[in-house]
Amino acid sequence: MDSTNGSIAIPDAVRRVAPFLAFGLGLCCLLAMVPVTLGALAGVFSIGAAVPALAVGAAVSIVSLVAA
C-alpha cells in the first residue's frame, strides 16, 4: 500500500504485534540461557564452550527487549 507521500506504509496489524514478538524473542533467549548455564556449571560441557552461546543469547535478548 502506498501512502500519500509515496512511501510504503506498515500495516496496522504488524505495528501492533511487533513489540509482542520482540518481547517474546527476548524472553525465549533469556530462558534458553538457563540450561546452557546449568550445563556448564554441572560440567556437561566446558565454560569456554558456554560463553559464546551465552554471549549471543544475551545480545539478542537485550536488542529485542530494547526494541520492544
Side-chain angles (χ1 to χ4, degrees):
M1 294 190 311
D2 289 336
S3 64
T4 56
N5 62 1
S7 65
I8 298 174
I10 297 174
D12 228 10
V14 173
R15 193 175 295 129
R16 280 192 310 253
V17 174
F20 294 113
L21 291 175
F23 181 77
L25 177 65
L27 189 62
C28 286
C29 285
L30 287 175
L31 290 174
M33 290 170 60
V34 172
V36 173
T37 303
L38 293 177
L41 291 175
V44 175
F45 45 89
S46 68
I47 299 286
V51 169
L54 293 173
V56 169
V60 171
S61 64
I62 289 171
V63 169
S64 64
L65 290 174
V66 167

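How far CZ of Phe23 is from OG of Ser61: 11.0 Å, rounded to the nearest 0.5 Å.
Hydrophobic cluster membership is shared by Leu30 and Leu54, with clusters built from Ile, Leu, Val, Met, Phe, Trp and Tyr side chains linked at under 4.5 angstrom. Under the 4.5 Å side-chain heavy-atom criterion for Ile, Leu, Val, Met, Phe, Trp and Tyr, Val36 and Leu31 are members of the same hydrophobic cluster. There is no path of hydrophobic side-chain contacts, each under 4.5 Å, that joins Leu21 to Leu65. Linking ILVMFWY side-chain heavy atoms closer than 4.5 Å, directly or via other members, places Ile62 and Leu27 in two distinct hydrophobic clusters.
Contact detail for Ala49 and Pro52: the closest heavy-atom pair is O-CD, 3.6 Å. Heavy atoms only, all atoms of each residue included: Cys29 and Gly57 are closest at CB-O, 3.7 Å. Contact record, Ala50 with Ala40: CB-CB, 3.7 Å, taken as the closest heavy-atom pair.
Counting heavy-atom neighbours within 6.0 Å of Phe45 CZ, excluding the residue itself, gives a total above 12.
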